[in-house]
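Below is one structure, written out as structure tokens; the observations come after it.
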There are 2 protein chains.
Amino acid sequence: MSSYHPPREELALPAVLHALSDPQRLRIVRELSLDPEPRPCGSFLLDVSKSTKTHHFRVLREAGMITQREVGTSKLTSLRREDLDQRFPGLLDAVLASAETPVAVPA
Amino acid sequence: MSSYHPPREELALPAVLHALSDPQRLRIVRELSLDPEPRPCGSFLLDVSKSTKTHHFRVLREAGMITQREVGTSKLTSLRREDLDQRFPGLLDAVLASAETPVAVPA
DNA sequence: CACGTTGTTTGATGATCGTCGTACAATTGA
DNA sequence: TCAATTGTACGACGATCATCAAACAACGTG
């Protein structure tokens with residue numbers, strides 16, 4: 001019962017951009033890029049419920065941005081950096097760099 | 001009755017990524033980047049209705065990706081490349097380069 | 001075995017999205 | 001002045017989205 005991971009050639013730009021356009025998911029990707037060690041979903045500090053977390057990880061996986069590998073009761077998540085870099089060179093880095101820029105608060 | 005254009009400092013990454021995650025809007029941005037000359041909305045060949053076109057241009061404008069300047073009955077649209085490049089360096093170029101890669105069709 | 005941990009599934013809710021057609025407004029040109 | 005052009009406004013529609021709680025499943029440990 002392993003979940004679907006799209007092969008590299010099928011990664012679609014709109015899906016990737018949509019996956020990255022949610023703040024929670026952007027945070028997940030960001031954390032994963034800072035610490036590339038595969039981590040269980042639960043180790044990500046998001047202020048959403050468990051089921052919402054599951055939802056976001058599915059969106060990221062189906063967009064081809066992460067891999068999820070079952071180990072015991074956990075599911076180790078890692079970033080598909082190589083696939084992303086090959087398919088969309090420079091994109092992930094640009095997004096991650098942009099994500100570090102603080103958002104200006106309107107006065 | 002001029003429409004709202006967010007100042008550069010307020011451009012938000014999620015909004016920009018969301019704006020780019022729609023194929024029609026991505027096409028608009030792509031055409032604008034190839035031909036930076038300000039163009040009326042109607043000159044973009046999208047297979048959607050007039051009102052849908054208006055909608056997409058509004059999303060792009062409110063995300064801070066384009067400027068719209070009224071000239072007669074037309075509205076000249078141009079890409080806010082400088083603002084985007086300053087706020088999110090490399091992002092637009094990476095997206096545009098990625099957009100040129102053909103999407104693989106599943107067998 | 002029983003319990004805690006980890007994550008999924010299901011069903012629901014309210015919001016947003018992409019799309020359309022119709023009607024309208026404003027400008028240009030005959 | 002009348003008509004064509006260019007774009008917006010207004011609903012409306014079905015689809016998708018982000019979110020939640022509750023129930024469930026699988027694994028590990030006491």
Side-chain angles (χ1 to χ4, degrees), chain A residues 1-6 12-32 37-79, chain B residues 1-6 12-32 37-79:
Chain A
M1 217 306 205
S2 84
S3 39
Y4 179 67
H5 293 74
L13 185 57
V16 167
L17 293 176
H18 171 249
L20 289 169
S21 74
D22 179 272
Q24 311 286 347
R25 289 193 293 260
L26 187 54
R27 234 160 96 180
I28 295 174
V29 170
R30 224 172 144 201
E31 284 195 35
L32 275 172
E37 211 61 25
R39 292 162 52 186
C41 304
S43 76
F44 294 83
L45 303 171
L46 305 182
D47 40 3
V48 293
S49 72
K50 263 196 312 179
S51 30
T52 302
K53 232 179 245 193
T54 297
H55 162 69
H56 285 310
F57 279 98
R58 181 174 52 235
V59 172
L60 286 171
R61 175 173 44 74
E62 289 177 349
M65 305 208 56
I66 60 171
T67 14
Q68 294 186 290
R69 183 167 51 91
E70 296 186 17
V71 171
T73 84
S74 311
K75 216 161 188 178
L76 297 189
T77 297
S78 46
L79 197 55
Chain B
M1 215 307 208
S2 82
S3 39
Y4 179 67
H5 293 75
L13 185 57
V16 167
L17 294 176
H18 171 250
L20 289 169
S21 74
D22 179 273
Q24 312 284 349
R25 290 193 292 261
L26 187 54
R27 234 161 94 182
I28 295 174
V29 171
R30 224 172 143 199
E31 285 194 36
L32 275 173
E37 211 60 26
R39 292 161 52 186
C41 303
S43 76
F44 294 82
L45 303 172
L46 303 183
D47 40 3
V48 293
S49 72
K50 262 197 312 180
S51 32
T52 302
K53 231 181 245 194
T54 297
H55 161 70
H56 285 311
F57 280 98
R58 182 174 49 237
V59 173
L60 287 171
R61 175 173 45 74
E62 289 177 349
M65 305 207 57
I66 61 172
T67 15
Q68 295 185 289
R69 182 168 52 91
E70 296 186 17
V71 171
T73 84
S74 313
K75 217 162 187 176
L76 297 189
T77 297
S78 46
L79 197 55

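Letters go in sequence order (proteins before strands), and every chain restarts at 1.
- Considering only heavy atoms from C-beta on, B:Lys75 stays 4.5 Å or farther from B:Thr54 through its side chain.
- Here the side chains of A:Leu76 and A:Pro40 are in contact, with some heavy-atom distance below 4.5 Å.
- Nearest heavy-atom pair across A:Ser78 and A:Leu32 is CA-CD2, 4.2 Å.
- Considering CG of A:Leu45 and NZ of A:Lys53, their distance stands at 7.0 Å, rounded to 0.5 Å.
- A:Gln68 is linked by a side-chain hydrogen bond (donor to acceptor under 3.5 Å, both in side chains) to A:Arg61, counting only residues two or more places apart in sequence or in another chain.
- Remark: nothing in residues 37-44 of chain B comes within less than 4.0 Å of DNA chain C through any heavy atom.
- Nearest nucleotide to the side chain of A:His56, out of D:dA18, C:dT5, D:dG7: D:dA18.
- Between the CD atom of A:Glu70 and the P atom of C:dT8 there is a distance of 8 Å, given to the nearest Å.
- Nucleotide C:dG18 holds its P atom 11 Å from the CZ atom of B:Arg58, rounded to whole Å.
- Using a 4.5 Å cut-off on side-chain heavy atoms (C-beta onward), B:His5 and B:Ile66 make no contact.
- Taking both residues in full, the closest heavy atoms of B:Thr77 and B:Cys41 are given as OG1-SG, 3.8 Å, listed atom of the first, atom of the second, then distance.
- Residues forming a side-chain hydrogen bond (donor to acceptor under 3.5 Å, both in side chains) with B:Glu31 (at least two apart in sequence, or on another chain): B:Arg39.
- The CZ atom of B:Phe57 sits 16 Å away from the C1' atom of C:dT19 (whole-angstrom rounding).
- Partners of B:Val29 by side chain to side chain contact (heavy atoms under 4.5 Å, CB included), not counting sequence neighbours, listed by chain and number: B:Leu20, B:Leu60, B:Met65, B:Leu79, B:Leu92, B:Leu96.
- The nearest whole Å value for the distance from the CD atom in A:Glu62 to the C1' atom in C:dT8 is 13 Å.
- Here the P atom of nucleotide D:dA25 and the NZ atom of A:Lys75 are 16 Å apart, to the nearest Å.
- Here the CD atom belonging to B:Glu62 is positioned 11.5 Å from the NE2 atom belonging to B:His18, to the nearest 0.5 angstrom.
- Taking all atoms of both residues into account, the shortest heavy-atom contact from A:Ser21 to B:Pro14 is O-CB, 3.4 Å.
- Contacts between residues 45-55 of chain B and DNA chain C, counted as heavy-atom distances below 4.0 Å, involve B:Val48, B:Ser49, B:Ser51, B:Thr52, B:His55.
- Residues from residues 16-28 of chain A with heavy atoms under 4.0 angstrom of DNA chain C: there are none.
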